[in-house]
Peer 1: 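The structure follows.
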Amino acid sequence: MVKKVFKKTTFTQKYENGCYRKLSWCCRKNHFNIEIIRSGLSWYILAHRTKDDTYWNSLWIKKRWNELEDAMDFVSKFDYEQLKSQL
(Lines give C-alpha, C1' and ligand atoms only; values in the text may rest on other atoms or scores of the structure.)
Protein backbone atom coordinates (compact mmCIF):
# COMPACT_ATOMS: atom_id res chain seq x y z
CA MET A 1 0.00 0.00 0.00
CA VAL A 2 1.44 3.33 -1.09
CA LYS A 3 0.74 6.40 1.03
CA LYS A 4 1.51 10.02 0.31
CA VAL A 5 1.12 13.03 2.63
CA PHE A 6 0.31 16.29 0.87
CA LYS A 7 -0.35 19.45 2.91
CA LYS A 8 -1.19 17.46 6.06
CA THR A 9 -3.66 15.20 4.20
CA THR A 10 -2.77 11.50 3.89
CA PHE A 11 -3.68 9.84 0.59
CA THR A 12 -3.67 6.09 -0.01
CA GLN A 13 -3.15 4.71 -3.50
CA LYS A 14 -5.64 2.17 -4.81
CA TYR A 15 -5.21 0.15 -7.97
CA GLU A 16 -8.08 -2.02 -9.16
CA ASN A 17 -7.63 -4.52 -11.94
CA GLY A 18 -11.06 -5.72 -13.04
CA CYS A 19 -12.92 -5.17 -16.29
CA TYR A 20 -10.88 -2.01 -16.62
CA ARG A 21 -7.86 -0.81 -14.69
CA LYS A 22 -8.45 2.00 -12.23
CA LEU A 23 -5.83 4.07 -10.44
CA SER A 24 -6.98 6.34 -7.63
CA TRP A 25 -5.84 8.10 -4.48
CA CYS A 26 -8.17 8.13 -1.47
CA CYS A 27 -8.44 10.17 1.71
CA ARG A 28 -10.93 11.37 4.30
CA LYS A 29 -11.58 15.10 4.64
CA ASN A 30 -14.39 17.00 6.45
CA HIS A 31 -16.44 13.79 6.93
CA PHE A 32 -16.18 12.93 3.21
CA ASN A 33 -14.51 9.89 1.68
CA ILE A 34 -12.69 11.43 -1.26
CA GLU A 35 -11.24 9.65 -4.25
CA ILE A 36 -9.02 11.23 -6.92
CA ILE A 37 -9.54 9.08 -10.00
CA ARG A 38 -7.36 8.81 -13.09
CA SER A 39 -9.38 9.05 -16.31
CA GLY A 40 -7.44 9.15 -19.54
CA LEU A 41 -4.70 11.72 -19.10
CA SER A 42 -6.37 13.72 -16.34
CA TRP A 43 -7.74 13.37 -12.80
CA TYR A 44 -11.18 14.08 -11.35
CA ILE A 45 -12.56 14.01 -7.79
CA LEU A 46 -15.46 12.07 -6.34
CA ALA A 47 -16.52 12.77 -2.74
CA HIS A 48 -19.11 10.89 -0.68
CA ARG A 49 -20.43 11.57 2.80
CA THR A 50 -22.13 8.41 4.06
CA LYS A 51 -23.92 10.08 6.98
CA ASP A 52 -26.52 11.64 4.66
CA ASP A 53 -25.53 10.00 1.35
CA THR A 54 -24.24 13.25 -0.14
CA TYR A 55 -22.11 13.16 -3.28
CA TRP A 56 -19.94 15.70 -5.07
CA ASN A 57 -18.16 15.14 -8.37
CA SER A 58 -15.72 17.62 -9.91
CA LEU A 59 -17.02 16.75 -13.38
CA TRP A 60 -20.35 18.37 -12.43
CA ILE A 61 -18.57 21.72 -12.56
CA LYS A 62 -16.37 20.63 -15.50
CA LYS A 63 -13.25 20.55 -13.35
CA ARG A 64 -10.33 18.18 -14.11
CA TRP A 65 -6.65 18.33 -13.29
CA ASN A 66 -3.72 17.36 -15.50
CA GLU A 67 -1.40 16.91 -12.53
CA LEU A 68 -2.10 14.70 -9.51
CA GLU A 69 -0.53 17.25 -7.17
CA ASP A 70 -3.00 19.92 -8.33
CA ALA A 71 -5.92 17.61 -7.55
CA MET A 72 -4.40 16.77 -4.16
CA ASP A 73 -4.04 20.48 -3.43
CA PHE A 74 -7.73 20.99 -4.22
CA VAL A 75 -8.71 18.10 -1.94
CA SER A 76 -6.54 19.40 0.91
CA LYS A 77 -8.76 22.53 0.89
CA PHE A 78 -12.04 20.67 0.21
CA ASP A 79 -15.08 22.57 1.51
CA TYR A 80 -18.40 21.09 0.41
CA GLU A 81 -20.51 24.04 1.59
CA GLN A 82 -18.57 26.40 -0.65
CA LEU A 83 -18.58 23.97 -3.60
CA LYS A 84 -22.28 23.17 -3.56
CA SER A 85 -23.05 26.80 -4.40
CA GLN A 86 -21.34 26.23 -7.78
CA LEU A 87 -23.78 23.46 -8.74
Side-chain angles (χ1 to χ4, degrees):
M1 183 181 305
V2 177
K3 291 191 177 204
K4 184 176 194 175
V5 177
F6 188 88
K7 294 190 178 180
K8 298 182 182 178
T9 303
T10 302
F11 295 89
T12 304
Q13 185 183 45
K14 283 179 31 183
Y15 185 75
E16 296 176 19
N17 194 6
C19 294
Y20 63 97
R21 294 183 179 132
K22 180 180 165 187
L23 173 64
S24 64
W25 289 86
C26 305
C27 74
R28 185 144 173 86
K29 189 79 172 176
N30 298 332
H31 306 288
F32 278 85
N33 294 317
I34 301 176
E35 192 171 9
I36 303 171
I37 303 166
R38 178 84 174 180
S39 177
L41 297 176
S42 61
W43 300 88
Y44 71 95
I45 295 169
L46 178 61
H48 179 232
R49 184 172 56 200
T50 55
K51 175 177 82 172
D52 56 358
D53 203 30
T54 299
Y55 285 89
W56 184 84
N57 188 326
S58 66
L59 299 178
W60 295 343
I61 60 169
K62 297 180 173 95
K63 187 72 175 157
R64 291 177 164 260
W65 293 265
N66 292 326
E67 301 293 328
L68 175 61
E69 288 75 19
D70 294 338
M72 286 180 169
D73 183 51
F74 182 87
V75 168
S76 69
K77 303 172 192 168
F78 185 80
D79 181 2
Y80 175 73
E81 294 303 318
Q82 179 183 11
L83 292 169
K84 78 176 183 180
S85 67
Q86 297 177 16
L87 297 176

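When reading the values below, keep in mind they use all heavy atoms of this one structure, side chains included, and skip hydrogens, waters and symmetry mates.
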Peer 1: So, Asn30 side chain and Phe78 main chain: donor-acceptor pair closer than 3.5 Å or not?
Peer 2: yes
Peer 1: Rounded at 0.5 Å granularity, tell me how far CG in Asp73 sits from NZ in Lys7.
Peer 2: 3.5 Å
Peer 1: Would you say Lys29's side chain and Ser76's backbone share a donor-acceptor pair under 3.5 angstrom?
Peer 2: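 Yes: the side chain of Lys29 pairs with the backbone of Ser76.
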Peer 1: Got a sec, which pairs hit salt bridge (Lys or Arg N to Asp or Glu O under 4.0 Å) with one end in residues 34-62, sequence neighbours left out?
Peer 2: Lys14-Glu35, Lys22-Glu35, Arg49-Asp52
Peer 1: side-chain contact (heavy atoms from CB on, under 4.5 Å) for Glu69 and Lys4? Distances and angles first, verdict last.
Peer 2: CA-CA 11 Å; Glu69 288 75 19; Lys4 184 176 194 175; 3.2 Å; yes
Peer 1: Can you tell me how far OG of Ser24 sits from CD1 of Ile34, rounded to the nearest 0.5 angstrom?
Peer 2: 12.5 Å
Peer 1: Let me confirm one number: the CG-OG distance from Leu59 to Ser39, rounded to the nearest 0.5 Å.
Peer 2: 7.5 Å
Peer 1: For the pair Phe74 and Trp65, name the ring-plane relationship: parallel under 30°, tilted 30 to 60°, perpendicular over 60°.
Peer 2: tilted
Peer 1: With heavy-atom distances below 4.5 Å as the criterion, would you say the side chains of Val2 and Trp25 are in contact?
Peer 2: yes
Peer 1: I want to check something: taking the side chain as every heavy atom from C-beta on, are Thr9 and Met72 in contact at a cut-off of under 4.5 Å?
Peer 2: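 No. Closest side-chain heavy atoms not under 4.5 Å.
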Peer 1: Atom NE2 of residue position His31 - does it have more than 12 heavy atoms of other residues, nucleotides or ligands inside 6.0 Å?
Peer 2: no
Peer 1: When rounded to the nearest 0.5 angstrom, what distance separates CG in Leu23 from CD1 in Ile37?
Peer 2: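 So the gap between those two atoms works out to 10.0 Å.
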Peer 1: Using modelled atom types and a 3.5 Å cut-off, is there a donor and acceptor pairing between side-chain atoms of Ser58 and backbone atoms of Tyr44?
Peer 2: no
Peer 1: Does any non-hydrogen side-chain atom of Ile45 lie less than 4.5 Å from one of Trp56?
Peer 2: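 When only atoms from C-beta onward are counted, Ile45 and Trp56 do touch, with a gap below 4.5 Å.
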Peer 1: Testing Thr10, Thr12, Val75 for side-chain contact (heavy atoms from CB on, under 4.5 Å) with Cys27, which one passes?
Peer 2: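 Considering Thr10, Thr12, Val75, a side-chain contact (heavy atoms from CB on, under 4.5 Å) with Cys27 is found only for Val75.
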Peer 1: Check the orientation of Tyr55 and His48. Use parallel for under 30°, tilted for 30 to 60°, and perpendicular for over 60°.
Peer 2: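 Tyr55 vs His48 ring planes: parallel.
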